[in-house]
Amino acid sequence: MFPFDQILAMFKALSNTYSPLVLNHEWPKLGRLLFTLLCSVAGVFMNGFYVASFFVEPGLNKIANLSRVYSPVILSYEWPKLGWLLFTLLCSVLGVSVNGFFVASFFVEPGLNKIGYVFMACLGLSDLIISATVFPTSTVVLLSGEWETVPVCSALQFVTEAATYSYSIFFMMSAIESYYRLCKARRDYQFLISMRIGLFTVTLFTIAFLTAAVGVYMDLDYDYCRRSHTGNLNFRISTSIIFYVIPFLVIFFCLANNACRISNKARKHNHYKRSLQFEMETTANNLNIFAYFMFLSFWIPALVIVYLYPDAEDWKYYHSIWLGIFRSVTTSLVYGSMDRYFRRAFAHLFYYCCCKSSISGSYASRHRRALECKALGEVRVHIMHQAMNANSPQRGASSSRETQEL
């Protein structure tokens with residue numbers, strides 16, 4: 001028989017003596033302390049010096065392809081490496097955090113936890129894909145000191161194009177959803193959100209990624225990495241019409257009609273103009289207009305260069321592309337700072353991630369009371385005014401009657 005009991009007893013004895021962090025408890029504490037301190041200080045200094053050597057030593061600060069100054073992944077090699085490294089790290093951390101908070105807001109905020117906001121959540125997911133892949137890859141390539149390979153560059157082009165296609169399509173769907181919610185009858189809006197939205201969103205993502213893959217890996221799109229060809233003109237025009245022109249027309253129509261609808265309703269109904277609903281709908285529509293204007297302004301320079309000036313210099317072309325890539329960091333930050341729902345959700349998520357170990361169950365009810373407070377604010381002020389007015393002969397009767405009505 002195999003001595004299982006003896007082996008188990010031996011492991012128990014070792015577990016009482018050895019620790020996974022400090023090894024043997026019978027060793028002198030001072031010796032173990034000095035050893036861990038020495039390893040910590042030596043490790044930090046030696047690895048830090050190793051990374052810094054690529055920036056200060058000319059023999060290590062080399063690139064593999066000296067025929068080009070501008071890189072598709074890290075832009076100019078003439079720029080200070082440390083500054084570009086800090087920039088890519090900052091964009092990576094900020095983009096992943098902000099876009100992650102944006103997507104998580106639809107799960108923790110009651111005002112956003114609705115089926116109609118699925119398309120807007122996919123906007124944050126599209127930006128998250130860019131900020132979680134492009135900027136970290138640029139940091140790794142920069143630290144390697146080598147010119148990036150074509151497969152790496154092509155993969156980044158594929159991810160960026162797919163995420164940009166997805167963003168444009170889902171912005172169009174989000175605008176359609178808001179148009180049906182504000183301008184159409186309730187039964188039409190219920191029919192829209194009763195569709196299989198989950199399957200529909202997966203289908204849209206699949207179409208965007210398949211189109212980007214065909215364009216990049218079958219050389220039908222503009223060659224971003226080597227700029228050796230301009231691709232197939234018919235394919236490029238078709239994708240531009242499907243993913244940019246048609247969404248632009250639909251988004252412009254929907255957001256403009258939403259603004260007119262809100263304005264007309266506020267002019268006809270004074271109680272709506274003073275309500276919290278008017279404030280929320282106006283803010284949401286204005287933010288959507290501003291976000292789409294940002295999307296256009298950040299990507300139009302790249303489209304102009306690709307279609308009108310395909311032989312432009314590297315620095316103009318790559319700067320225009322990276323301007324559009326940088327947009328993925330800013331849009332969710334705009335929503336988080338200017339919309340009350342996103343601002344509250346961001347604050348709660350930050351508090352949960354940094355200060356708490358569990359989400360409070362009273363979060364939803366607490367903020368529902370906060371929203372109701374504004375709607376009942378005028379009534380409560382009126383009641384308090386009558387309650388504090390001691391000179392009024394009807395003070396007692398009116399206070400009692402209004403308290404019972406509440």
Residue pairs passing the side-chain hydrogen bond (donor to acceptor under 3.5 Å, both in side chains) test where at least one lies in [range], sequence neighbours excluded:
range	answer
residues 118-132	N99-S131, D127-R327
residues 199-216	none
residues 286-309	S240-Y307, N288-Y335
residues 166-185	E177-R181, E177-Y189, S178-N258

Backbone of [Y] reached by a side-chain donor or acceptor of [X] within 3.5 Å:
X	Y	value
R261	L182	yes
S194	F191	yes
S92	T88	no
Q157	Y222	yes
E313	W315	no
T160	L156	yes
R343	S337	yes

Residue pair [X] / [Y], side-chain heavy-atom distance below 4.5 Å:
X	Y	result
L128	V96	yes
V306	R236	yes
Y165	F209	no
Y318	R227	yes
P247	F171	no
M218	F235	no

Once you round to the nearest 0.5 Å, how far does [atom1] of [X] lie from [atom2] of [Y]?
X	Y	atom1	atom2	value
Y244	L296	OH	CG	10.5 Å
K316	D311	NZ	CG	12.0 Å
I207	I169	CD1	CD1	8.0 Å
D219	D221	CG	CG	10.0 Å
H229	L220	NE2	CG	9.0 Å
L86	C91	CG	SG	11.0 Å

Between [X] and [Y], what is the shortest heavy-atom contact and its length?
X	Y	answer
F346	G336	CE2-CA, 3.8 Å
A121	V103	O-CG2, 3.9 Å
I193	G116	CG2-CA, 4.3 Å
F278	A266	CE1-CB, 3.5 Å
P72	C225	CG-O, 3.4 Å
I130	S328	CG2-OG, 3.6 Å

Test side-chain contact (heavy atoms from CB on, under 4.5 Å) on V329 and L90; report intermediate values, then the result. CA-CA 10 Å; V329 180; L90 177 63; over 6 Å; no

With Y272 as reference, evaluate K265, E281, R267 under the side chain to side chain donor-acceptor pair (under 3.5 Å) test and give the passing residue.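 The residue from K265, E281, R267 that satisfies side chain to side chain donor-acceptor pair (under 3.5 Å) with Y272 turns out to be E281.
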
Can you confirm whether more than 12 heavy atoms, excluding those of M338, are under 6.0 Å from its CE atom?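 Check fails, neighbour count at 12 or below.
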
Give every residue pair that meets the ring-ring contact (aromatic ring centres under 6.0 Å, His included) criterion with at least one member in residues 106-136, sequence neighbours excluded.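 Listed by first then second residue: F102-F106, F106-F342, F135-W322.
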
For L89, which residues count as a side-chain contact (heavy atoms from CB on, under 4.5 Å) partner, sequence neighbours excluded?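 side-chain contact (heavy atoms from CB on, under 4.5 Å) list for L89, sorted by chain: L85, T139.
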
Kindly indicate, with the supporting measurements, whether the criterion side-chain contact (heavy atoms from CB on, under 4.5 Å) is fulfilled by F170 and V118. CA-CA 9 Å; F170 282 115; V118 171; over 6 Å; no

Give the C-alpha distance, both sets of side-chain angles, the deciding distance and a yes or no for side-chain contact (heavy atoms from CB on, under 4.5 Å) between L204 and M173. CA-CA 10 Å; L204 291 180; M173 297 307 304; 3.9 Å; yes

Could you check D339 against T283 for side-chain contact (heavy atoms from CB on, under 4.5 Å), going step by step and ending with a plain yes or no? CA-CA 7 Å; D339 185 86; T283 302; 4.2 Å; yes

